[in-house]
Amino acid sequence: MTAESQKTERYNARDAETRWQKTWAERGIFATKNDDPRPKYYVLEMFPYPSGRIHMGHVRNYTMGDVVARFKRAMGNAVLHPMGWDAFGMPAENAAIDRKVHPKAWTYDNIAAMKKQLQSMGLSLDWAREVATCDPAYYKHQQKMFLDFLKAGLVAREYRKVNWDPVDQTVLANEQVIDGRGWRSGAEVEQRDLYQWVFKISDYSQELLEALDRLERWPDKVKLMQKNWIGRSEGLLVRFMLDPATAPNKEAELEIFTTRPDTLFGAKFMALSPDHPLAQAAAAKNPKLAAFIAETKKIGTSQAAIDTAEKMGFDTGIRAVHPFDPNWKLPVYVANFILMEYGTGAIFGCPAHDQRDLEFANKYGLGNTPVVCPPGQDPKTFVITDVPYLEDGKMINSRFLDGMTIEQAKEEVAKRLEKDTRGNRPVAQRQVNYRLRDWGISRQRYWGCPIPIIHCDACGVVPVPEKDLPVTLPEDVTFDKPGNPLDRHPTWKNITCPKCGGPARRETDTMDTFVDSSWYFVRFTDPWIKDAPTDRKIADRWMAVDQYIGGIEHAILHLLYSRFFTRGMHKCGYLDLDEPFAGLFTQGMVVHETYRTKSGEWVEPANVKIEGLGETRRASLATTGEPIEIGSIEKMSKSKKNTVDPDDIIDAFGADTARWFMLSDSPPERDVIWTEEGVQSAWRFVQRLWRMTGEIAGVSGPQSRPAVFGPQAQKVRKAAHRALANVSDDIARLRFNRCVAHIYELANALGDAIGSAETAPAPDFAWALREAGDILVRLFHPMMPHLAEECWAVLGHTTLVSAEAWPQVEPELLVESTITLPVQVNGKKRAEVTVPRDATEAQIVAAVLALDDVQKALGGKSPKKVIVVPQRIVNVVV
RNA sequence: GCGGACGUGGCGAAAUGGUAGACGCAAGGGACUUAAAAUCCCUUGGGAGUAAUCCCGUCCCGGUUCGAGUCCGGGCGUCCGCACCA
């Protein structure tokens with residue numbers, strides 16, 4: 001055979017893949033009907049930002065989703081598997097600034113390019129439902145819901161301290177500040193006070209927290225992260241009297257929040273946030289205090305600044321009165337470590353039992369009194385110097401609390417102070433605090449959903465009338481100056497007030513793009529409806545998303561916001577559920593080795609030549625041969641140039657190879673290392689499957705199922721049905737790496753069987769080979785759909801395997817008539833015993849004790865007992 | 001600092017408390033070939049032995065159990081999330 005003819009016998013992935021993609025599109029087999037009566041299954045992958053090109057992370061994510069979609073479809077479900085674009089956001093504006101292209105043009109060009117790439121992957125998507133969040137037909141409904149939320153009390157306008165990104169010139173959510181820097185620009189974030197539109201997500205703190213327990217198919221890790229983020233703590237609000245002689249005004253009281261009311265007798269000082277009204281009032285009369293407060297503002301909010309910042313305080317001269325002792329006066333400080341946003345912005349300090357309080361007290365010589373004594377410690381000798389005591393113990397130095405546990409003391413203090421009233425109000429009340437703060441959605445940006453609000457000099461804040469929706473973005477904008485182009489737009493901004501007809505201005509802020517992605521999954525259920533965000537019946541039919549798949553980086557922001565927004569939509573009558581994602585899966589990243597030249601420049605894998613193995617493994621520049629350092633394995637990123645372009649891989653090997661590799665080896669929740677060897681291995685397997693089905697197709701056998709199967713045939717059939725059972729189970733549990741292994745096992749078994757076949761195999765064996773071949777193709781179809789169609793046709797089928805039902809397991813093929821059990825003596829394996837499947841325990845024991853190896857291991861002793869675990873193991877204990 | 005996850009061959013990894021290392025990669029040997037590629041076959045945790053076989057082995061130290069990679073306690077290490085949150 002010549003090299004040329006061999007070449008033609010290879011599977012031509014590029015050719016076959018375009019062909020099958022065309023066939024699927026023509027026959028519309030992935031279109032989903034909203035009135036499909038079969039049980040629904042909604043599988044969704046997090047939609048991409050149209051950056052311009054897909055990356056390997058997308059390939060992994062969408063492959064996993066597609067496997068689930070194709071499997072569920074074959075299982076007889078009506079499957080909803082849509083795709084869209086998270087199309088608003090800053091990169092489009094950055095491109096406008098850098099390249100002088102309009103954000104809209106840039107975005108839609110990117111969408112076109114990426115759509116083509118996604119289509120080359122052979123994903124079973126219903127493209128008719130495609131949405132882009134930058135489309136007025138989409139954001140119109142978002143504006144409507146903003147107004148609904150406003151009416152429902154879920155939106156507020158607040159003058160707020162915000163994180164200001166000086167480079168991007170916009171406000172950032174806390175979640176978008178990483179180590180004190182903007183998550184996109186990397187610029188050090190400043191604090192500014194601005195009017196902000198906020199969603200009242202904190203009204204749902206308790207609800208969002210409690211509902212986590214009911215999300216059974218979410219990873220514990222994500223639930224825990226959300227739980228910590230919501231940050232519930234129970235404590236006591238306590239009103240301290242201020243010594244009137246020292247108070248700056250008639251505000252003769254200071255309210256604090258504490259989770260440790262038990263330590264009240266260890267109090268040494270009070271501390272206020274620099275932003276606290278009492279601090280401000282005191283500063284008005286005390287220039288030195290005012291200067292101190294100004295000083296605290298200069299210290300940045302960056303992580304480094306917070307880590308290294310020393311505790312600083314300023315004695316206001318005000319004295320507070322201990323709630324249990326009118327003669328006990330506590331100095332009131334302004335301190336730089338007290339946050340106005342949490343609790344009441346004021347605390348009482350108990351240095352003996354709090355790290356920060358102790359540092360502060362030590363610095364200002366305030367001393368400490370331990371009030372909780374560790375078990376086994378003599379209270380008389382127990383002193384605190386540099387390390388506070390935070391554990392459990394018995395109360396000491398605490399008058400009526402002495403001898404109690406911490407819990408008892410907390411309860412006692414709460415009870416007494418709740419009873420105690422001052423001015424008709426109890427001195428203390430129990431309170432639950434949350435760390436979660438309202439979601440500021442205002443962004444000083446052009447490329448986002450306009451907030452449908454008008455500011456009128458006479459009427460104030462006026463919602464845009466619904467008949468005027470959508471408020472569309474003007475297209476004639478310039479990006480030659482920093483800041484928001486909407487703010488300096490001559491005509492768009494100025495408008496007449498819909499209420500009074502007087503001069504007014506549009507709100508020029510746009511919404512955080514996380515709003516766009518907080519409901520797109522609902523829009524997919526009916527993206528065609530024009531006059532409402534949803535068709536309620538259809539939304540209720542498809543929601544919740546049964547399986548949501550995406551990166552762990554969205555564990556908090558996107559998922560929490562979506563949970564909130566869904567509740568808002570529920571409240572406003574757009575659907576009837578609270579939790580949008582019934583099942584969540586967070587997939588790992590695609591990582592790759594990094595390469596750098598001696599001078600420290602990153603080098604793309606495509607330009608690197610690797611030689612040698614292990615210790616002698618060396619890299620050099622492909623062009624010049626200059627030696628290159630092999631660095632650590634890291635997430636693929638443009639900055640480190642360790643990326644592999646999906647287009648290149650699909651061109652060279654086909655989409656199926658890329659898909660197969662993405663599912664192989666690593667468990668889906670863990671990172672997968674992209675290697676050249678791994679791709680080669682996947683590609684070889686594609687070829688092998690294709691050859692193998694060709695060989696099976698060449699076997700002539702009976703048309704109808706033989707009545708009896710010989711041992712050779714049974715062996716093949718058992719292998720096929722075992723693989724079928726295993727793969728079915730593992731796809732359902734998203735254990736794709738195990739599916740891959742089981743498919744390899746079946747291919748190996750089938751390869752052996754074909755190898756052992758005669759030129760004219762017996763009819764039953766021939767039939768079994770064809771059956772196993774059919775099963776094999778249908779099993780790998782969700783992972784490698786194009787190859788599967790090709791092989792399916794080679795096997796003589798005229799249907800599409802993509803539209804075939806999942807094969808049925810014959811359960812009797814999964815059980816053996818005899819079983820071989822390992823035999824242990826004192827927990828060490830010494831022999832094996834083969835017994836009939838239905839052997840009784842007594843029969844098994846007899847068979848085991850009759851074994852030479854067992855007798856030898858017993859060394860003449862008689863066994864104390866024999867443990868028989870049915871179908872598993874036998875252990876003889878001496 | 002608080003919270004969580006993980007630690008298994010040369011590598012990626014399997015293993016409802018029940019034969020540790022399935023499956024893949026890499027490596028070594030062989031077949032086919034003028035040769036290469038491709039393909040196929042064999043070997044591959046460590047040690048002892050001609051061999052049958054035996055001993056050791058899942059980060060370390062203990063414990064529970066007939067039996068522990070798996071459960072519990074204590075270390076060590078790596079990774080992730082949160083963090084002046086009162």
Side-chain angles (χ1 to χ4, degrees), chain A residues 1 3 6-7 9-10 219-222 224-229 231-233 235-236 256-260 263 271 273 303 305-307 309-311 335-339 341-350 353-357 359-360 390 433-437 552-553 555-556 613-615 660-661 664-667 669-673 675-678 680-682 684-685 687-688 691 726 735 737-745 747-748 751 755 820-832 853 856 863-878:
Chain A
M1 198 182 285
Q6 267 187 340
K7 205 174 178 183
E9 281 198 26
R10 293 207 144 185
D220 290 339
K221 179 187 169 74
V222 173
L224 191 67
M225 281 164 73
Q226 292 212 353
K227 188 182 167 193
N228 291 338
W229 189 262
R232 180 191 155 102
S233 59
L236 205 61
I256 59 96
F257 175 74
T258 180
T259 55
R260 292 296 302 272
T263 64
S273 162
Q303 199 57 47
I306 288 169
D307 283 346
E310 217 177 314
K311 305 276 174 288
N336 64 345
F337 64 97
I338 307 299
L339 306 172
E341 297 80 28
Y342 190 80
T344 64
I347 61 150
F348 84 83
C350 175
H353 303 290
D354 184 281
Q355 180 66 48
R356 293 153 306 175
D357 295 351
E359 280 174 43
F360 190 81
L390 307 173
N433 257 324
Y434 300 91
R435 213 187 65 104
L436 180 67
R437 296 176 52 204
I552 186 75
E553 67 274 19
I556 297 171
L613 289 156
E615 294 288 298
W660 185 252
F661 178 48
S664 309
D665 293 348
S666 290
E669 68 278 8
R670 240 181 271 178
D671 291 350
V672 66
I673 306 170
T675 60
E676 184 63 24
E677 292 83 2
Q680 293 287 349
S681 155
R684 278 201 304 272
F685 190 55
Q687 296 296 339
R688 186 172 153 214
R691 277 198 313 273
N726 286 334
R735 305 204 290 192
N737 57 321
R738 288 170 42 117
C739 295
V740 165
H742 294 311
I743 289 167
Y744 270 113
E745 276 171 340
N748 290 345
T820 300
L821 295 173
V823 177
Q824 296 179 333
V825 176
N826 281 337
K828 288 203 172 203
K829 191 199 164 194
R830 295 297 177 191
E832 284 182 349
D853 286 337
K856 200 175 124 197
K864 273 190 206 141
K865 61 175 165 176
V866 180
I867 292 155
V868 178
V869 184
Q871 315 295 315
R872 276 287 175 197
I873 203 165
V874 180
N875 192 8
V876 182
V877 184
V878 184

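What's counted below: heavy atoms across the whole structure, side chains too, no hydrogens, waters or symmetry copies. A note on names: the letters A, B, ... follow the listed sequences, proteins ahead of strands, and every chain is numbered from 1. Keep in mind that this is a model prediction, so the values were computed, not measured.
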Across the strands shown, which category fits Thr675(A) at heavy-atom distances under 4.0 angstrom: base, sugar-phosphate, nothing?
-> nothing
Are OP1 or OP2 of A5(B) and a side-chain N or O of Arg670(A) less than 4.0 angstrom apart?
-> no
Give the nucleotide from the list A14(B), U39(B), C40(B) with an atom nearest to the side chain of Asn737(A).
-> A14(B)
Distance test, side-chain N/O of Tyr744(A) to OP1/OP2 of G24(B), below 4.0 Å | no
Contacts under 3.5 angstrom, residues 870-878 of chain A side chains, donor-acceptor by atom type, not counting sequence neighbours:
| from | atom 1 | to | atom 2 | distance (Å) |
| --- | --- | --- | --- | --- |
| Gln871(A) | OE1 | Arg837(A) | NH1 | 3.2 |
| Asn875(A) | OD1 | Gly827(A) | N | 3.1 |

Would you mind telling me which of A14(B), G18(B), C82(B) lies closest to the side-chain atoms of Arg872(A)?
-> G18(B)
Winner on side-chain proximity to Pro667(A), out of C82(B), A14(B), A86(B), is A14(B)
Nearest to side-chain heavy atoms of Val877(A), which nucleotide of C84(B), C66(B), G24(B) = C66(B)
Please check the phosphate of C85(B) (OP1 and OP2 only) for any side-chain N or O of Arg356(A) closer than 4.0 Å.
-> yes
Kindly indicate whether the side chain of Asn228(A) and the base of C82(B) share any N or O donor-acceptor pair separated by less than 3.5 Å?
-> no
Identify which nucleotide among G24(B), G12(B), A86(B) has an atom closest to any side-chain atom of Leu339(A), counting heavy atoms from C-beta outward.
-> A86(B)
Select one nucleotide: of G24(B), A86(B), G81(B), the one nearest the side-chain heavy atoms of Ser681(A).
-> G24(B)
Starting at the 5' end of RNA chain B, which residue's closest nucleotide do you reach first, Asn748(A) or Asp671(A)?
-> Asp671(A)
Of the listed nucleotides C85(B), A22(B), A38(B), the one nearest the side chain of Glu745(A) | A22(B)
Considering just the side-chain nitrogens and oxygens of Ser664(A), establish if one lies under 4.0 Å of OP1 or OP2 belonging to C23(B).
-> no
